[in-house]
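Report on one structure; see the data block that follows.
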Amino acid sequence: MFQITLQQRAASVEALLTDVLSDRPQNGEISRPPRLMAAMRHGVLNGGKRLRPFLVMESAALFGADNLAALRVAAALECIHSYSLVHDDLPAMDNDDLRRGQPTVHRKFDEAAAILAGDSLLTYAFQLIASDETELAAQQRVELIAALARAAGIGGMTGGQALDLEAEKVKPDEDGIIRLQAMKTGALIRFACEAGAIIGNADVKDRERLAEYGSAIGLAFQLADDLLDVTADASHVGKATGKDAAAGKATLVSLHGIDWTKRQLAGLVEQAEELLSPFGEKAALLKDAAHFIAERRS
Ligand code: GRG
């Protein structure tokens with residue numbers, strides 16, 4: 001059931017992304033440069049599990065808001081996630097040739113195109129949420145924009161990426177690794193879950209509960225990623241593996257080993273399930289999502 005819903009939600013977010021990333025100018029734009037649009041589409045519509053959109057839509061559904069607004073926020077978040085991958089793959093960062101099993105944007109186009117495609121995806125995410133077509137109250141849209149900016153920016157993803165680059169020179173301690181990961185990958189996943197609560201007009205307590213669930217599965221996501229980096233082969237995960245060790249990067253896996261990491265993952269899944277327990281059966285798919293993230297193989 002989880003896999004089927006993940007695929008259905010992925011298909012609807014991809015249909016919306018295909019429409020909103022077409023060459024046709026929208027919302028009063030003067031024009032859309034076709035090569036820029038092609039590079040943006042390559043960065044977004046090139047596979048991907050669409051896990052963050054699933055989390056937005058499923059969290060919103062928990063509060064009865066399974067609607068176009070949730071889909072548009074989900075698409076906006078996927079634009080930001082995809083931008084981070086496009087920029088992360090650049091020669092100045094990870095210098096990767098392969099992403100989601102396909103040539104990275106700077107390989108298929110060029111570096112300038114990849115930088116601009118990433119910049120445009122980042123900005124476009126906010127355009128999508130702010131638009132009147134995202135049928136939410138103005139206050140909800142502002143809260144979503146503020147929370148997404150926080151998650152993607154200095155105290156979130158880009159700040160975490162900066163710490164990650166520094167960590168190649170000065171190895172952080174355990175607290176430093178956890179903080180870095182909560183910012184770099186955890187913040188967007190936490191936002192995905194909190195966004196559903198904002199869209200569904202949840203009360204403060206439920207919003208916090210969803211955000212905490214997001215933090216638990218966000219940490220699990222990164223632990224699973226670190227584990228895959230040491231245990232999986234590149235053809236299976238669709239990107240280079242073994243990179244953390246090659247870069248001398250400290251991860252919780254390198255500090256504590258594989259068995260400890262697997263135990264931590266099990267504990268995080270349990271914590272995520274407990275946070276969702278007040279929602280009963282309605283949260284079954286979100287509970288499955290925690291398992292999927294912790295046990296994923298790509
Ligand atoms: C360059 C601004 C900037 C930020 C980069 C998140 C990030 C920060 C870089 C991504 C590098 C990376 C591989 C991190 C590990 C975790 C991660 C985000 C994996 C990819 O996410 P998935 O598995 O990918 O959800 P798909 O392709 O399924 O969307």
Would you give the length of the straight line joining atom CD1 of I217 to atom NE2 of H291, rounded to the nearest 0.5 angstrom? 12.0 Å
If I take atom CD from residue Q127 and atom OG1 from residue T134, how far apart are they, to the nearest 0.5 angstrom? 10.5 Å
Using modelled atom types and a 3.5 Å cut-off, is there a donor and acceptor pairing between side-chain atoms of S254 and backbone atoms of A250? no
Hydrophobic clustering (ILVMFWY, side-chain heavy atoms < 4.5 Å, transitive) - are I80 and V105 grouped together? no
Starting from L121, can I reach V13 by hopping between I/L/V/M/F/W/Y residues whose side chains sit under 4.5 Å apart? yes
Give the C-alpha distance, both sets of side-chain angles, the deciding distance and a yes or no for side-chain hydrogen bond (donor to acceptor under 3.5 Å, both in side chains) between Q181 and D226. CA-CA 11 Å; Q181 295 186 338; D226 293 343; 2.9 Å; yes
So, for A272 and A290, which heavy atoms are closest and what is the spacing to 0.1 Å? CB-CB, 4.0 Å
Test item: M157 and F191 side chains (from C-beta on) under 4.5 Å apart, heavy atoms: no
Do the side chains of T251 and Q222 get nearer than 4.5 Å, heavy atoms only? no
If you group Ile, Leu, Val, Met, Phe, Trp and Tyr by side-chain heavy-atom gaps below 4.5 Å, do Y124 and L85 land in one group? no
With side chains defined as the heavy atoms from C-beta onward, is the minimum distance between E143 and Q139 less than 4.5 Å? yes
With a cut-off of 6.0 Å (strictly less than), are more than 12 heavy atoms of other residues, nucleotides or ligands near CZ of R296? yes
With H81 via ring-ring contact (aromatic ring centres under 6.0 Å, His included) - residues at least two apart: none
G155 to M183 - nearest heavy-atom pair and separation: O-CG, 3.5 Å
Could you walk me through whether E208 and E194 pass the side-chain contact (heavy atoms from CB on, under 4.5 Å) test, one step at a time? CA-CA 7 Å; E208 185 55 29; E194 190 178 2; 5.8 Å; no
So do the side chains of Q102 and K108 get within less than 4.5 Å of each other, counting heavy atoms only? no
My understanding is that only residues two or more places apart in sequence, or in another chain, count here; which of them pass side chain to side chain donor-acceptor pair (under 3.5 Å) with R107? D97
Is there a path of hydrophobic side-chain contacts, each under 4.5 Å between heavy atoms of I, L, V, M, F, W or Y residues, that connects M37 with L16? yes
Check this for me: does any side-chain nitrogen of one of R100 and D89 sit under 4.0 Å from a carboxylate oxygen of the other? no
Tell me whether the count of non-hydrogen atoms from other residues, nucleotides or ligands lying under 6.0 Å of CD in E270 goes above 12. no
Heavy-atom side-chain proximity of L163 to P172 below 4.5 angstrom: no
Suppose we screen for side chain to side chain donor-acceptor pair (under 3.5 Å). Which residues come up paired with S84, at least two apart in sequence or across chains? none
Picking from L68, L144, L128, what satisfies side-chain contact (heavy atoms from CB on, under 4.5 Å) with V73? L144
Between R50 (side chain only) and L6 (backbone N and O only), is there a donor and an acceptor less than 3.5 Å apart? no
Among residues at least two apart in sequence or on other chains, which ones pass side chain to side chain donor-acceptor pair (under 3.5 Å) with Q7? none
Non-neighbouring partners of K287 that pass salt bridge (charged side-chain N to carboxylate O under 4.0 Å, His left out), sequence neighbours left out: none
When every non-hydrogen atom of G214 is compared with those of C193, the smallest separation belongs to CA-SG, 3.7 Å
Sequence neighbours excluded, the answer for ring-ring contact (aromatic ring centres under 6.0 Å, His included) partners of F221 is none
Applying side-chain hydrogen bond (donor to acceptor under 3.5 Å, both in side chains) to R99 and T104, what does each step give before you reach the verdict? CA-CA 5 Å; R99 166 70 62 185; T104 47; over 6 Å; no
Give a yes or no on whether a salt bridge exists between R141 and D132, defined as a side-chain N under 4.0 angstrom from a carboxylate O. yes
R150: salt bridge (charged side-chain N to carboxylate O under 4.0 Å, His left out) partners, not counting sequence neighbours: none
Counting distance only, does the side-chain N/O of Y213 pair as donor-acceptor with the main-chain N or O of L286 below 3.5 Å? yes
Residues forming a ring-ring contact (aromatic ring centres under 6.0 Å, His included) with F63, sequence neighbours excluded: F279
Mind checking side chain to side chain donor-acceptor pair (under 3.5 Å) for R24 and listing every partner two or more places apart, or none if nothing turns up? D19
When rounded to the nearest 0.5 Å, the distance separating CG of L268 from CD1 of I293 is 11.0 Å
Minimum heavy-atom separation for S59 and L55, please, with both atom names. OG-O, 2.7 Å
Looking at D66 and R9, is there a salt bridge between them, counting it only when a charged N and a carboxylate O are closer than 4.0 Å? yes
Derivation and outcome, salt bridge (Lys or Arg N to Asp or Glu O under 4.0 Å), residues R41 and D23: CA-CA 10 Å; R41 285 192 295 269; D23 287 355; 2.9 Å; yes
Grab the two heavy atoms, one from A294 and one from L265, that are nearest each other, plus how far apart they are. O-CD1, 3.7 Å
Side chains of H87 and Q161: closer than 4.5 Å at any heavy-atom pair? no
Listed by chain and number, what are the ring-ring contact (aromatic ring centres under 6.0 Å, His included) partners of F126, not counting sequence neighbours? none
P25 and S31 have their tightest heavy-atom pair at CG-CA, 3.9 Å
Is the shortest side-chain heavy-atom distance between V56 and I199 below 4.5 Å? yes
Atom CD1 of I154: over 12 foreign heavy atoms under 6.0 Å: no
Are L51 and L17 linked, directly or through intermediate hydrophobic residues, by side-chain heavy-atom contacts shorter than 4.5 Å (ILVMFWY only)? no
Contacts of D288 meeting salt bridge (charged side-chain N to carboxylate O under 4.0 Å, His left out) (sequence neighbours excluded), chain-then-number -> none
Can you tell me how far apart CH2 (W260) and CG (L223) are? Round to the nearest 0.5 Å. 6.0 Å
Nearest 0.5 Å please: distance from the CG atom of D173 over to the CD1 atom of I177. 7.5 Å
Could you check if a side-chain atom of E78 sits within less than 4.5 angstrom of a side-chain atom of E14, using non-hydrogen atoms only? no
Count the heavy atoms belonging to other residues, nucleotides or ligands that lie under 6.0 Å from CD of E281, then report whether that count exceeds 12. no
Atom CZ in R72, atom CG in L136: separation rounded to 0.5 Å? 10.0 Å
Can any side-chain N or O of R209 pair as donor or acceptor with the backbone N or O of L275 at less than 3.5 Å? yes
List for me each residue that meets salt bridge (charged side-chain N to carboxylate O under 4.0 Å, His left out) alongside R52, sequence neighbours excluded, and say none if there are none. none
